[in-house]
Amino acid sequence: KAQPCNLSTITPGLQYNSANTLCEDSPINFTIVVPNLPAGCIVDEYRLLHSNSAPVVFQSQSFTISNALAGNYSATFTIRDDNSGTCPCVTGPNPVAVQSSNIVTITPTPAAPTVTGPNTACIGEQPTLMAQTGAIANPNYQFYWYGNAVPSPSRPSGPVLFQGQTYNAPALTTTTTYYATVKVGQCESTPVPHTVTAVPVNAPVPATNNPTTVCRGSRAVLGINSSILQPDEVAYWYADPASTNLLHIGNLYQTPALQAATTYYVKLVNQRHQCEGPTVSIAVGLQVLAAPAVPTVVGACEGGSATLRTTPNQFGGALYWYSDNNGQPNQQIGVGLSISTPPFQGAQPQTYHVQEVAPDGCRSDFTVITVVPAPLPSRPQMVVNSPLCMGEDLTFGIGNVALGTTYQWQGPNYGSNAQQDTIPTAGGQHQGLYTLVATDATGCSNADTLYVVVRPVPQTPTITGDVQLCVGDSLRLSATAIAGAVYRWRYPNSGVLDSTAQLRAVVTAAQQGLVQVRASVNGCISALATAPLTVRALPVVGGGSNAPICAASA
């Protein structure tokens, strides 16, 4: 027998996840609890009801509302027979609705507050911010301040910076956005951002052309790099680091005439926000230039020019050089680290003055130097075997070597510092001008020059003519014609014959042998040319007769 249906025993309960916050627009996970469902009955559908919206129908017991509405939620479900005909609570095919016994209340989210306070503040300043609600204050409202928020949906993020309606923020270090909310219980409004733009005031940067020193009694013009200033920033100049003695307001400051080294102090002030940056000191010293060091002297030799060189005592100092007139600086003759003097007149000394001028125009005392030219070493005597013939050794020597003097030879394809030297088998490439420079311990030099002539060797002549002769014949030989040549002939038992290219002689039997000839041009002798000479003896003629004979005999 089927049990009677008591709907009160199966009245559903509406539950929510305890981790959810029962606040408007929050996600709420609901569960409809169905107790004591009789056998033969099944749940047909679940419905979530709200007083201000249409029911939400689900097919399962648990479901989530993404953005809960403020107000009361309740639940129902409908049951029907499982087709067995045994569900005691259902008559016929229509489902039966059962209402939940409880409701869940969603608290309205408070409206976002308005925030007042400065939009800009100096770095290091503490901005004061205030959060307010509408005209009617709710005594349950609590105000919270955050440093971060996340969008979609907008909600605070990060730790709470402060709880209260008025927030004295920490000293500002950079542009910062603060977020304010209103909370009632656990329900919190959307965060309202308020950005405070940091106004930095940096330390002033002194201008690169600020003088570090000035001449005694001169004024200094001091400045800052105005190209990097922020809007509303102006330089304030003080006589003391405590900024109690204001001297000037402006980006340029001209000091009074200085009689002692002085330090000034400058800071940047944002006149709109009255923010002050750190103080920077600028020291101005007096320029007291020492006279330049005594110049070094190079090449002070009789008849030549000397180089005078020294260096300034400070960076950027310039050296001015003057000639002398009765012990006083006269005409300016150069500017720079060095000058070349006019040529010395013999051994006559010359006096010069040099002064350093600083970039700000301050001048040092003069340094005076008198240069006495050193005498030149003796002119070297070149000993060279010129002229010479190609293939001979070219020798160099010095006829007047002096102690402590160095020598330097220079010529075509040749250089040496030896006092004696040789170029073996000299050729035409060694002909030309040679110079010998003698330099003594003072650095003074004297020189001699010589043109070395390397003469060519004439070609080897060729002998032509009849060399097959009889005793008593005339020898007639010719050598190759060479312009300007002198020929030297030789053959057996004849001695040496200097003549032209022609050789003429009557030969004897004793002169058979080798004929030789050389050609000589300007003292250069060719290689030896030879030809064999044959001298044959004359035949002997013999005679006989039948004498005496008679007349008319044969």
Side-chain angles (χ1 to χ4, degrees), residues 16 19-28 50 52-53 64-72 105-203 229-234 267-278:
Y16 63 92
N20 295 145
T21 300
L22 299 181
C23 296
E24 183 181 8
D25 294 327
S26 297
I28 307 295
H50 186 270
N52 295 323
S53 65
T64 298
I65 298 297
S66 298
N67 298 292
L69 301 174
N72 296 327
T105 301
I106 305 299
T107 303
T109 299
T114 58
V115 179
T116 58
N119 298 110
T120 59
C122 303
I123 287 182
E125 186 179 356
Q126 288 186 266
T128 298
L129 308 178
M130 178 174 286
Q132 301 181 77
T133 59
I136 301 176
N138 187 329
N140 296 323
Y141 280 180
Q142 294 179 324
F143 296 89
Y144 288 83
W145 298 86
Y146 299 86
N148 293 285
V150 295
S152 303
S154 179
R155 62 183 185 275
S157 171
V160 174
L161 300 178
F162 179 73
Q163 180 180 350
Q165 190 171 6
T166 301
Y167 175 38
N168 293 316
L172 202 65
T173 59
T174 185
T175 296
T176 304
T177 299
Y178 306 91
Y179 298 87
T181 66
V182 175
K183 220 174 182 184
V184 177
Q186 290 190 338
C187 297
E188 191 169 16
S189 71
T190 57
V192 175
H194 184 85
T195 300
V196 180
T197 301
V199 180
V201 182
N202 298 318
L229 296 183
Q230 301 294 328
D232 305 312
E233 287 183 348
V234 179
K267 68 171 64 173
L268 296 180
V269 177
N270 186 305
Q271 293 183 313
R272 178 181 177 186
H273 298 282
Q274 291 303 305
C275 303
E276 295 186 0

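This structure is a prediction, so every number in the text was calculated from the model and none was measured.
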Side-chain contact test, heavy atoms from C-beta onward, threshold under 4.5 Å: evaluate it for P118 versus L129 and give yes or no. yes

Nearest-0.5 Å distance, OG of residue S189 to OH of residue Y141: 9.0 Å

Can you name the closest pair of heavy atoms from Q271 and Q274 and give their distance? O-NE2, 2.8 Å

Please list all pairs meeting disulfide (SG to SG under 2.5 Å) that have one or both residues in residues 158-193, counting only residues at least two apart or in different chains. C23-C187

Exam field: side chain E233 to backbone V269, donor-acceptor pair closer than 3.5 Å: no

For the residue pair V192 and A112, what are the closest heavy atoms and their distance? CG2-CB, 3.5 Å

Polar side chain donor-acceptor pair, D25 to T109, under 3.5 angstrom: no

Using only heavy-atom distances, determine whether the side chains of E188 and T181 contain a donor-acceptor pair under 3.5 Å. yes

Can you pull out every ring-ring contact (aromatic ring centres under 6.0 Å, His included) where at least one residue sits in residues 105-129? Sequence neighbours excluded, please. none

Evaluate the side-chain proximity of Y179 to P156: yes if any heavy-atom separation is below 4.5 Å, no if none is. no

Would you say that T195 contacts N119 through its side chain, given a criterion of any heavy-atom pair below 4.5 Å between the two side chains? no

Would you give the length of the straight line joining atom NZ of K267 to atom CD of E276, rounded to the nearest 0.5 angstrom? 4.0 Å

Under the rule for ring-ring contact (aromatic ring centres under 6.0 Å, His included), what residues qualify as partners of Y167, not counting sequence neighbours? W145, F162, Y178

